[in-house]
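Just so we're clear, the structure is a prediction, and the values are computed from it rather than from any experiment. We count ligands from 1, going down the list as the structure has it; atoms in each ligand are counted the same way.
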Amino acid sequence: MAIQRITSKWDKTNVLLRNSAFHRLIPETAKLGKTRLGEMLNRYGMVYVKPNRGTFGNGVIRVEKTSVGYKYQTGTQTRSFPQLDSLYAHMRSVTGNRLFLIQKGIHLLKHSRRRFDFRVMVQVNLKGKWETTGIIGRLAHPKKIVTNYHSGGTPLPFERLMSTHMNTSQQQNYLGMLRKMGVQVAHQLQSAYPRIKEIGIDVAIDTKLNPWILEVNTKPDPYLFRKLKDRRVFRKVYRYAVAYGRIGKRA
Ligand SMILES: Nc1ncnc2c1ncn2[C@@H]1O[C@H](COP(=O)(O)OP(=O)(O)O)[C@@H](O)[C@H]1O
Ligand SMILES: [Mg+2]
């Protein structure tokens, strides 16, 4: 049976929210509408707006409330709007009637003044159990608001990005926490999508070092882990993916 991809970010977020243990890890998420956008900008000062069925960071918008109105950024383009009405009208001219989500904006940690986040890969292992197999950082293109590899992000090891933010033993603890969280997220998603064999969680870390789940991909790119010098990570990711039929040995 083919590996299942669940595309709706809204559906996947709500599956996670069914378990209260995840509430503090998920930035408030809502369907895009003018009233809610205004409320969330008042509450958080900065939000991300993204297509419900998006990939590669395409169509992602960052909006910040400023003293004179709103700052809007997509790709490398920034604009400002004095009023919520003009901001929302412009946004809708871009999004059309497609479903977009508003999410509390997380102020990502930075490395050389570029934002970064992490991809946590979780797979069913050779014993049929969920295992976190890889964690890789993604450093955003200097002028962009997204970290995706397909939007010019640079894959880098966790330690490279975190060494200025925590010491070595804190890094080891943090990695352990992320691995555990990865397995818990997989179990929760599996409760709704019993056929999944792999997930890739996009995890942001804010300036207080709290982790946030930005999205969960149900058919994550295994080849991202080829970018790590430590070849063991990709070898394991690959071995598991072949075992459950995601890559190779195609009928
Ligand atoms: N709430 C948010 N706060 C901060 N950055 C975000 C937020 N949502 C998305 N991003 C940035 O945009 C990128 C793409 O968003 P994501 O939800 O993963 O959609 P996609 O399916 O396009 O990868 C993330 O990896 C992250 O860098
Ligand atoms: Mg993503």
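Looking at Trp212 against ligand 1, nothing comes within 4.0 Å, counting heavy atoms. Proximity of Val47 to ligand 1, defined as any heavy-atom pair under 4.0 Å, is not found for any part of the residue.
In this structure, Asn148 contributes its side chain and Ser151 its backbone to no donor-acceptor pair below 3.5 Å. With Glu131 contributing its side chain and Val122 its backbone, the two residues share no donor-acceptor pair below 3.5 Å. The main-chain N or O of Ala140 is found under 3.5 Å from a side-chain atom of Arg114 such that the two form a donor-acceptor pair. Using modelled atom types, no side-chain atom of His111 and backbone atom of Ser163 make a donor-acceptor pair closer than 3.5 Å.
Interface atoms of ligand 1 facing Gln103, defined by a heavy-atom separation under 4.0 Å, are 1 (N), 2 (C), 7 (C), 8 (N). Per-residue contacts place Asp202 under 4.0 angstrom from the following atoms of ligand 1 (heavy atoms of the residue considered): 18 (O). The Phe56 neighbourhood of ligand 1 comprises atoms 22 (O), with distances under 4.0 Å to a heavy atom of that residue. Set against the non-hydrogen atoms of Arg138, the atoms of ligand 1 under 4.0 Å away are 25 (O).
Closest protein heavy atom to atom 3 (N) of ligand 1: Ile106 N, 2.9 Å. From the protein, the heavy atom lying nearest to atom 9 (C) of ligand 1 is Lys50 NZ, 3.4 Å. Closest protein heavy atom to atom 20 (P) of ligand 1: Glu215 OE2, 3.4 Å. If you check which protein heavy atom lies closest to atom 12 (O) of ligand 1, you get Val146 CG1, 3.4 Å. Ranking protein heavy atoms by distance to atom 11 (C) of ligand 1, first place goes to Tyr48 CE2, 3.7 Å.
The two residues Arg119 and Asp221 come nearest to each other via the heavy atoms NH1-N, 4.2 Å. Listed here is the closest heavy atom pair of Ile201 and Gly182: CD1-CA, 3.7 Å. Considering every non-hydrogen atom in both Val63 and Tyr72, the closest pair reads CG2-CD1, 4.4 Å.
Under the 4.0 angstrom criterion for non-hydrogen atoms, Gly57 is in contact with ligand 1. Within the 4.0 Å heavy-atom shell around ligand 1 one finds Lys9. Heavy atoms of Met46 stay at 4.0 angstrom or farther from ligand 1.
The residue from Asn148, Thr147, Leu101, Val60 that puts a heavy atom closest to atom 27 (O) of ligand 1 is Thr147. Nearest residue to atom 25 (O) of ligand 1 from Asp117, Ile102, Ile201, Leu214 is Asp117 (criterion: closest heavy atom).
The side chain to side chain donor-acceptor pair (under 3.5 Å) test with Glu28 singles out one residue from Arg43, His23, Lys104, Gln103, and that residue is Arg43.
Between Trp130 and His187, the two ring planes are perpendicular [angle over 60°; tilted spans 30° to 60°]. The aromatic rings of Phe118 and Phe116 lie perpendicular to each other, with more than 60° between the two planes, well past the 30° mark.
Geometry at the Mg ion (ligand 2): OD2/Asp202 and OE2/Glu215 form an angle of 90°, nearest 10 degrees.
For ligand 1, the polar-atom distance check finds no N/O of Gly105 at less than 3.5 Å from any of the ligand's N/O atoms. In terms of polar-atom proximity, Asn217 is not counted as a contact of ligand 1, lacking any N or O under 3.5 Å from an N or O of the ligand. Where the criterion is an N or O separation shorter than 3.5 Å, residue side chain and backbone included, Gly54 meets it with respect to ligand 1.
A salt bridge between Arg246 and Glu198 is present, with a side-chain N of the basic residue lying under 4.0 Å from a carboxylate O of the acidic one. Asp206 and Lys208 are not joined by a salt bridge, as no carboxylate oxygen comes within less than 4.0 angstrom of a charged side-chain nitrogen.
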